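Here the structure is laid out as structure tokens; the discussion comes afterwards.
Along the sequence shown, residues are numbered consecutively beginning with 1. As the structure lists them, so they are numbered: ligands from 1, and atoms in each ligand from 1. On a predicted model such as this, the values are computed, not experimentally measured, just so you know.
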Amino acid sequence: MDERGLHRLIGTIIDPERLADDCAVIPCGDRLMVASTDMLHETTDFPAGMTDWQVGWMSTAVTLSDIASMGAAPGQVLLAVGLDRPERLSGIMEGARDCCTVFGAELVGGDLDAHRELTIVSTGLGTVAPEYLVRRRGARPGDVIAVTGLLGEAQAALNGYDRHTKELLEPQPRVREGQVLGRAGVSAMMDISDGLALSLYDLLAVNDCGFAVDTARLPLPAGVPGEEGRELALYGGGDFELLFTAPAGILPVPGVTAHVIGEVIAERTVLVDGKPLERRGYLHEWSG
Ligand SMILES: Nc1ncnc2c1ncn2[C@@H]1O[C@H](COP(=O)(O)OP(=O)(O)O)[C@@H](O)[C@H]1O
Ligand SMILES: Cc1ncc(C[n+]2csc(CCOP(=O)(O)OP(=O)(O)O)c2C)c(N)n1
Ligand SMILES: [Mg+2]
Ligand SMILES: [Mg+2]
Ligand SMILES: [Mg+2]
């Protein structure tokens with residue numbers, strides 16, 4: 001059983017529409033509030049050698065990335081820390097605060113308890129004008145598919161390509177880009193925290209169309225041989241680029257680097273170079 005299977009169960013208990021985006025969308029006066037919460041653990045998310053500051057940074061960045069993917073501006077972050085050793089706290093909190101500062105958010109609270117495995121839950125709030133909100137649903141056949149940066153860098157670092165260590169340990173959420181793309185009128189957007197392939201299948205699940213990408217157009221991680229680079233770009237997790245679809249005419253969007261990687265198609269399928277794309281990537285799984 002993997003987390004996507006369990007998401008379907010959650011969708012029988014709360015409105016499944018609520019699960020269709022990177023954030024929940026909540027009315028808030030004449031704006032919309034978006035909210036995301038993300039849990040990270042030492043064994044699955046914090047590779048050996050990571051500093052406490054980087055742990056705090058990454059935990060915050062993943063949530064700011066979800067806010068960015070909605071076209072929203074980040075506001076507040078709360079950090080709940082299940083702490084294994086008390087001396088780690090100050091570094092973690094400083095990393096979280098610094099990530100908030102860099103991306104225009106404010107760390108306003110959280111929770112603290114003792115836990116055997118370091119476990120951090122970051123919760124983020126943001127706001128957006130209703131006309132600029134971008135959802136995962138909204139792609140239309142003929143739109144281009146694009147990403148805001150290179151693919152597969154985090155997994156490249158895990159595979160031993162040390163030049164990508166910073167991208168793995170200090171991910172940079174595309175906070176500015178998300179808002180600019182929202183205002184430019186992109187049709188659907190999400191982040192690719194679990195890898196490009198799974199993300200395309202997540203888009204497939206909520207759209208009435210399909211997605212066709214070309215490997216020749218994928219922006220590959222530098223310094224990785226061709227076939228491995230392609231594998232990392234399609235299936236590696238831990239990158240926090242934005243994946244979006246847009247009417248071809250709106251690209252390039254001034255101020256946003258974007259690589260077109262394919263096209264939205266009418267048939268409800270995900271293709272790579274014309275063949276069905278394997279549905280795999282970074283998934284939490286349970287045995288048995
Ligand atoms: N345990 C849960 N209860 C309710 N909603 C959940 C739960 N886990 C995930 N979701 C919702 O499912 C959607 C997708 O979540 P997730 O796969 O974690 O996306 P992301 O990679 O963007 O964080 C989000 O809207 C999230 O709020
Ligand atoms: C051991 C390890 N593998 C992979 C990564 C890269 N990484 C960081 S966050 C993340 C995925 C996002 O985390 P997840 O808990 O799935 O959050 P969500 O999809 O809800 O955003 C990945 C793959 C990592 N930091 N450490
Ligand atoms: Mg996301
Ligand atoms: Mg999540
Ligand atoms: Mg995930």
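- Residue contacts with ligand 2, taken as heavy atom pairs separated by less than 4.0 Å, involve Thr44 solely via the backbone atoms N, CA, C and O.
- A salt bridge links Glu17 and Arg137; the closest N-O separation between the charged side-chain nitrogens and carboxylate oxygens is under 4.0 Å.
- In this structure, Tyr235 and Leu277 have side chains that are in contact, with non-hydrogen atoms separated by less than 4.5 Å.
- Proximity of Met39 to ligand 2 is established by a heavy-atom distance of less than 4.0 Å.
- Looking only at atom types and distance, the side chain of Ser36 has a donor-acceptor partner in the side chain of Asp66 under 3.5 Å away.
- Within the 4.0 Å heavy-atom shell around ligand 2 one does not find His41.
- Ligand-side atoms of ligand 1 in range of Asp66: 20 (P), 22 (O), 23 (O), range being under 4.0 angstrom from any heavy atom.
- Screening residues 212-221 for side chain to side chain donor-acceptor pair (under 3.5 Å), with sequence neighbours left out, gives Thr215-Asp273.
- Of the heavy atoms in Arg136, only side-chain atoms (C-beta onward) come closer than 4.0 Å to ligand 1.
- Between the Mg ion (ligand 4) and Asp22 there is no N/O/S contact shorter than 2.8 Å.
- By the 4.0 Å N-to-carboxylate-O rule, Asp21 lies close enough to Arg135 to be salt-bridged with it.
- Heavy atoms of Asp22 found under 4.0 angstrom from ligand 1 belong to the backbone as well as the side chain.
- Between the side chains of Gln76 and Glu106, no donor-acceptor pair is found at a separation under 3.5 Å.
- Atoms of ligand 2 lying under 4.0 Å from at least one heavy atom of Gly237, given by number and element, are 23 (C).
- Atoms of ligand 2 found under 4.0 Å from any heavy atom of Asp38 (numbered from 1 in listed order, with element): 17 (O), 18 (P), 20 (O), 21 (O).
- With a 4.0 Å heavy-atom cut-off, ligand 1 is reached by the backbone of Asp21 but not by any atom from C-beta on.
- Heavy-atom contacts of Phe240 reach the following atoms of ligand 2: 9 (S) (cutoff under 4.0 Å).
- The Mg ion (ligand 4) sits nearest to atom OD1 when only the N, O or S atoms of Asp38 are considered.
- With no hydrogens or angles considered, no side-chain donor-acceptor pair links Thr148 and Glu177 at under 3.5 Å.
- If you check the side chains of Ser59 and Ser122, you find no donor sitting under 3.5 Å from an acceptor.
- Under a 4.0 Å heavy-atom criterion, Met190 is not in contact with ligand 1.
- Contact annotation: Ser193 has at least one heavy atom less than 4.0 Å from an atom of ligand 1.
- In Ile10, the part holding a heavy atom less than 4.0 Å from any atom of ligand 1 is the side chain.
- For the pair Asp45 and ligand 2, the shortest N or O to N or O distance falls below 3.5 Å.
- Remark: Glu42 engages Arg88 in a salt bridge, criterion side-chain N to carboxylate O under 4.0 Å.
- Close contacts between ligand 1 and Ile14 involve ligand atoms 4 (C) [criterion: under 4.0 Å to a heavy atom].
- Listed by atom number, the atoms of ligand 1 under 4.0 Å from Asp38 heavy atoms are 23 (O).
- Close approach of ligand 1 to Arg18 (heavy-atom distance below 4.0 Å) involves ligand atoms 25 (O).
- In summary, the atoms of ligand 2 found under 4.0 Å from a heavy atom of Pro47, numbered by their order in the structure, are 25 (N), 26 (N).
- Not close to ligand 2: Gln155, with no non-hydrogen atom less than 4.0 angstrom away.
- The ligand atoms of ligand 2 that sit less than 4.0 angstrom from a heavy atom of Asp194 are 11 (C), 12 (C), 16 (O), 19 (O).
- Residue-level proximity to ligand 2 for Ala154 is absent, since no heavy atom of it falls below 4.0 angstrom.
- A salt bridge links Arg4 and Asp194; the closest N-O separation between the charged side-chain nitrogens and carboxylate oxygens is under 4.0 Å.
- With respect to Asp84 and Arg116, no salt bridge is recorded, no charged nitrogen being found less than 4.0 Å from a carboxylate O.
- In this structure, Asp2 contributes its side chain and Trp286 its backbone to no donor-acceptor pair below 3.5 Å.
- Polar contact with ligand 1: absent for Ser36 (N/O pair, distance under 3.5 Å).
- Salt bridge annotation for Arg230-Glu227: present, with a cationic side-chain nitrogen under 4.0 angstrom from a carboxylate oxygen.
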List, one per line, each side-chain donor-acceptor pair under 3.5 Å for residues 258-269, sequence neighbours excluded.
| residue | atom | partner | partner atom | Å |
| --- | --- | --- | --- | --- |
| Arg268 | NE | Asn207 | O | 3.0 |
| Arg268 | NH2 | Leu204 | O | 2.4 |
| Arg268 | NH2 | Asn207 | O | 3.2 |

